[in-house]
Every structure is written in structure tokens, then in C-alpha cells.
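Both ligands and their constituent atoms are indexed starting at 1 by order of listing.
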Amino acid sequence: MKIIEVKDYQEMSQKAAAYVIEKVQKSPRLNLGLATGGTPVGLYQHLINDHQKNQTSYEGITTFNLDEYIGLSAGDPNSYRYYMNDKLFNYIDINQANTFIPNGDVNDPQKEASAYEKLIENHGGIDLQILGIGSNGHIGFNEPGTSFQSTTHIVDLTETTRKANARFFDSLEAVPKRAITMGIGTIMKSKEILLLISGESKSEAFYKLLHGEVSENFPASVLKQHPAVTIIADQAASIKVNVLQ
Ligand code: GLP
């Protein structure tokens with residue numbers, strides 16, 4: 001894993017954007033894996049700014065998001081579809097028909113999960129996957145204990161994750177209890193991974209990622225087995241790594 005340490009959230013977002021823009025310019029038909037949550041918001045903002053200023057084009061780009069809550073419609077402001085439209089897609093020249101996110105508003109989420117896995121395969125797989133990390137080491141919505149072989153599936157969200165995400169909802173009760181997520185096996189098939197880590201609340205997770213064992217109890221640890229992972233981490237996230245190493 002290649003680690004780039006940066007000063008703060010702003011610099012992490014800038015560096016991540018520069019990384020993505022370079023890939024998009026080199027490969028105008030890139031299959032780009034996207035993440036949600038608080039971490040990549042700054043990255044998306046930089047992509048929009050660059051698109052407006054330098055006209056970097058996303059016309060030929062296809063995107064696949066990691067996950068979606070079950071039970072929220074696309075129009076629900078807390079759905080990840082809404083998030084992606086609102087934070088990125090509406091402001092770049094991407095063809096909306098080429099932006100894929102699991103649909104959590106279906107009668108048969110299991111069927112949706114299998115179809116999503118096939119969809120990624122049929123497009124030739126993901127070239128570059130952007131990832132954040134949960135404080136318990138989750139990637140996508142793959143909670144501790146998820147098999148490293150898992151494909152896109154349905155998960156019961158842990159209390160930790162629901163509490164962490166409650167800040168986006170009116171109350172903890174409003175946070176869905178289930179989600180559809182790419183599996184760890186799905187993520188590991190990406191040719192390249194860019195993991196963003198920001199803030200002191202992630203410092204324990206970052207430390208465990210670097211110094212802990214590879215274990216299904218800490219999903220992100222699987223990334224040590226991937227041949228092309230780049231981590232961009234800010235100083236606050238690195239606080240334990242720097243003190244304890
Ligand atoms: C969320 C998402 C993940 C995200 C992680 C961290 O639950 N499903 O894809 O990476 O948790 O979120 P944040 O960036 O808000 O800390």
C-alpha cells in the first residue's frame with residue numbers, strides 16, 4: 001500500500017481529485033467506483049470545480065457506487081442516489097444512464113444485489129475504486145465478520161454504523177437497518193483502489209489497518225492483499241500511527 005500523508009481534509013480532497021482527474025484524462029472510458037459518506041464530498045467538489053474550469057470530460061465514464069440503503073427511494077435526500085446526483089453527477093457532463101448505484105427501493109433486494117454484481121462484471125470490472133473507511137474498519141457497508149470472498153449482498157447495519165450515519169438523518173430511528181453493498185470480493189477485484197482517511201475519529205482504524213492482522217473482523221485489512229492500493233490520509237487521521245509506530 002502506498003501512503004500519502006497530507007495536512008488536512010482540504011489537501012486530501014485536492015490530492016484525491018488530482019489523482020482521479022489524471023486517470024479520467026488518460027482513460028476517457030474509465031469504470032470508476034465511487035463512495036459516499038462525509039469523506040469524499042471535498043473530492044467531488046474539486047472534480048466539479050475542475051470540470052468547470054478545465055472542462056475535464058466524464059462523457060465516456062461509467063460509475064459504480066459501493067452501496068445504497070434499503071428502503072429509501074432515489075428521491076429521498078438520504079439515499080446515496082440523491083447524494084451522488086446532488087454532490088457530483090448534476091454538475092459534470094456524465095451520462096446519467098452510465099451512473100450505477102444499487103437500487104434499495106425494490107421488492108427483491110437480493111435479486112438487485114446479484115444483478116448489480118453481474119452488471120459490474122458485464123462492464124469489464126472497476127478500474128479505480130474510491131473508498132472511505134468506517135471507524136470499525138468497514139468498507140462499503142461490509143461490516144466486521146463479512147467474508148473476504150463476498151459479492152454484492154444485503155447487510156444488516158451495525159449500531160456503530162447506524163449511529164455514525166445518524167448525523168445525516170433526523171434521528172437514529174430514521175437510519176435504515178439494511179443496505180445493499182458491493183462485497184469485499186467485489187471491491188478486491190477493482191484494478192486499483194484509492195482509500196481516503198480523514199479526521200481523528202478514523203485514527204484508530206488507520207492504525208489497525210497498518211499494524212493489525214489481516215482479518216475478517218476488520219474488513220479494511222483485506223486491502224493489504226490488494227496489489228494497487230493508494231491511501232491518502234490527513235494528519236488528524238494519522239495521529240495514532242505517528243505516535244505509536
Ligand atoms: C458509510 C459508507 C461507506 C463510507 C463510510 C465512512 O457508512 N457506507 O462507504 O466510506 O461509512 O463514512 P464517512 O466518510 O462519513 O466517515
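- A side chain to side chain donor-acceptor pair (under 3.5 Å) with E11 is found for exactly one of K15, Q14, K7, namely K15.
- E117 and K189 are joined by a salt bridge, as a carboxylate oxygen and a charged side-chain nitrogen come within less than 4.0 angstrom of each other.
- Heavy atoms of other residues, nucleotides or ligands lying less than 6.0 angstrom from CG of D170 number 12 at most.
- We find that E192 and K23 are joined by a salt bridge, their nearest charged nitrogen and carboxylate oxygen being less than 4.0 Å apart.
- Inspection of the N136 and E143 side chains reveals an N or O donor paired with an N or O acceptor under 3.5 Å.
- Using a 4.0 Å cut-off between charged nitrogen and carboxylate oxygen, K118 and E121 do not count as a salt-bridge pair.
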Can you pull every nitrogen or oxygen pair between ligand 1 and the protein closer than 3.5 angstrom?
from: ligand 1; atom 1: 7 (O); to: H138; atom 2: NE2; distance (Å): 3.3
from: ligand 1; atom 1: 7 (O); to: N165; atom 2: ND2; distance (Å): 3.0
from: ligand 1; atom 1: 8 (N); to: D67; atom 2: OD2; distance (Å): 2.8
from: ligand 1; atom 1: 8 (N); to: G140; atom 2: O; distance (Å): 3.3
from: ligand 1; atom 1: 11 (O); to: H138; atom 2: NE2; distance (Å): 2.9
from: ligand 1; atom 1: 14 (O); to: G38; atom 2: N; distance (Å): 3.3
from: ligand 1; atom 1: 14 (O); to: T39; atom 2: N; distance (Å): 2.9
from: ligand 1; atom 1: 14 (O); to: T39; atom 2: OG1; distance (Å): 2.4
from: ligand 1; atom 1: 15 (O); to: G38; atom 2: N; distance (Å): 2.7
from: ligand 1; atom 1: 15 (O); to: R167; atom 2: NH2; distance (Å): 2.8
from: ligand 1; atom 1: 16 (O); to: K202; atom 2: NZ; distance (Å): 2.6

